[in-house]
Amino acid sequence: MTNQETDTPETGITPGGTAGAFRDVLSKDHARRGKPPLHFVDMTPEERIERASELGLPKFRVKQLANHYYGHFDVNAAAFTDFPAAKRDDAAAAFFPQLITEVTRQVADQGTTIKTLWKLFDGSLIESVLMRYPTRTTLCISSQVGCGMGCPFCATGKLGLTRNMSAGEIVEQVRVAAKMMRDGEVAGGPGRLSNIVFMGMGEPMGNYKSVLSAVRQISAMPPEGFGISARNITVSTVGVVPGIKKLTAEGIPVRLAVSLHAPSDELRDELVPMNKRFNTEQVLDAAHDYWLASKRRVSIEYALMRGINDQAEHARLLAKRLNHYGDNWAHVNPIPLNPIEGSKWTASKPEDEARFLEILHAAGITATLRDTRGQDIDGACGQLAAKER
């Protein structure tokens, strides 16, 4: 089928550099583009029934397709034995256009970490990272092509924003990974995809509508979704306050992760440009409101950078800022910075990491040093750059 008419990319939250103290950093490829082909995931129930009717199919066939997609992770309509043979090709073309195509697959950590480079319909490249642990399997997915937030220590941020991804493009990353786990393609044998983190390429709150649609379909039970509990889904943001407030109002028990990276506005203005629009007080207030509404602890992501934000004074100020609210509402994830090529930013010394954690713990802050899975394949936090190798 042909692509839909092109229109201005809709972020829903950030105005793409037209107003305010922050401006989206756009990539050289950013332009008015056609939309991805409409996929089953992108259609409302009514649109699915209408599309089926156009093919001469009764509406119960739509539920069959949903069962194949969400229940069996299957888009190979040619093998749908419960479907009329004469209609299988038509159904595949109408409902399951190929949205993501694997370019390369890199493996690390004895086969338990897999980073996949995907090509989208317009040639754009994105990445996802599948990580198997002893008690869970987590998929880190992308929600935008590139990222417009411009954080200087992040490889994705240096790309700039090319465009938002459709819900179908987002959800397809999950379907493929779930199928890989079920089919035993990951070291450790067959298993189940259990956790999703929107921590890949892009600012999820900048593509709110598609991300929320994806969250609903990932968490709904088959045949409406994959049945991955919303409590096992994490949505990350650099601090787009209107997005946090919207998510709070949804009442979906996903975990919110805020990439803070600095305890003061002066330092955070340098590390996270969005801070010039929504400062640390606004961000922390919104995050705490999320905790009050959801009773789900907020993850505070904090990339430790040598001599920049990893000293005792920073840890003490961070603890003070979090304890200001008077309840145990946040869990801090200090992350050893994953250096990117040509960057002046580098990882903290181990002794500074340990001291940082000690200070937080002494102040009653729950904190866990994040591991750096996939670092040797540029698959760790902040390293996704969608390079063809």
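Values below: all heavy atoms of this structure, side chains included; hydrogens, waters and symmetry mates excluded. None of these values were measured; they are calculated from a predicted model.
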Expected output: side-chain S142 to main-chain M201 donor-acceptor under 3.5 Å: yes
Closest non-hydrogen atom pair, P336 against R370: CD-O, 3.3 Å
Heavy-atom neighbours of E281 CD exceed 12 at 6.0 Å: no
Side-chain donor/acceptor of Y208 to backbone N/O of L247, under 3.5 Å: yes
Within 6.0 Å of CD in Q110, more than 12 heavy atoms from elsewhere: no
Same cluster (ILVMFWY, side-chain, under 4.5 Å), L317 and V332: no
For D285, all residues meeting salt bridge (Lys or Arg N to Asp or Glu O under 4.0 Å), sequence neighbours excluded: none
salt_bridge(R316, E313) N-O dist < 4.0 Å: no
Any H331 side-chain heavy atom under 4.5 Å of N333 side chain: yes
Over all atoms of both residues, closest heavy-atom pair of Y290 and P253: OH-C, 4.4 Å
Nearest atoms (heavy-atom pairs only) where G307 meets D310: N-OD1, 3.0 Å
Heavy-atom check, side chain of P223 versus side chain of N67, under 4.5 Å: yes
Residues, nucleotides or ligands: over 12 heavy atoms within 6.0 Å of E351 CD: yes
Nearest heavy atoms of V272 and L260, plus distance in Å: CG2-O, 4.0 Å
Short side-chain to backbone donor-acceptor contact, W291 and N328, under 3.5 Å: no
Whether D74 side chain and N76 backbone form a donor-acceptor pair below 3.5 Å: yes
Main-chain N/O of G239 paired to T237 side chain as donor or acceptor, under 3.5 Å: yes
Check: H261 ring centre within less than 6.0 Å of F153 ring centre: yes
Same cluster (ILVMFWY, side-chain, under 4.5 Å), L322 and L360: yes
Donor-acceptor under 3.5 Å (Q217 side chain, V171 main chain): no
Option from L139, T113, D109 for which side chain to side chain contact (heavy atoms under 4.5 Å, CB included) with M131 holds: T113
Ring pair (Phe, Tyr, Trp, His ring centres under 6.0 Å) partner of F95, chosen from Y69, F83, F40: F40
Note, H288 side chain near H324 side chain (heavy atom, < 4.5 Å): no
In one Ile/Leu/Val/Met/Phe/Trp/Tyr side-chain cluster, 4.5 Å: M305, I359: no
Cluster link I252 to V258, ILVMFWY, side chain under 4.5 Å: yes
Polar side-chain atom of N309 near backbone of L267 as donor-acceptor pair, under 3.5 Å: no
Neighbour count above 12 (heavy atom, 6.0 Å) for D183 CG: yes
Test item: I126 and Q173 side chains (from C-beta on) under 4.5 Å apart, heavy atoms: yes
Residues in ring pair (Phe, Tyr, Trp, His ring centres under 6.0 Å) contact with F80, at least two apart in sequence or another chain: H68
Same apolar cluster (I L V M F W Y, side chains within < 4.5 Å links), M221/F226: no
Beyond-backbone contact of N232 with R136, side-chain heavy atoms, under 4.5 angstrom: no
Any donor-acceptor pair under 3.5 Å from Q144 side chain to E203 backbone: yes
Side-chain (R132) to main-chain (G111) donor-acceptor, under 3.5 angstrom: no
Side-chain heavy-atom pair R61, L55 within 4.5 angstrom cut-off: no
Any donor-acceptor N/O pair, S194 side chain to T137 backbone, under 3.5 Å: yes
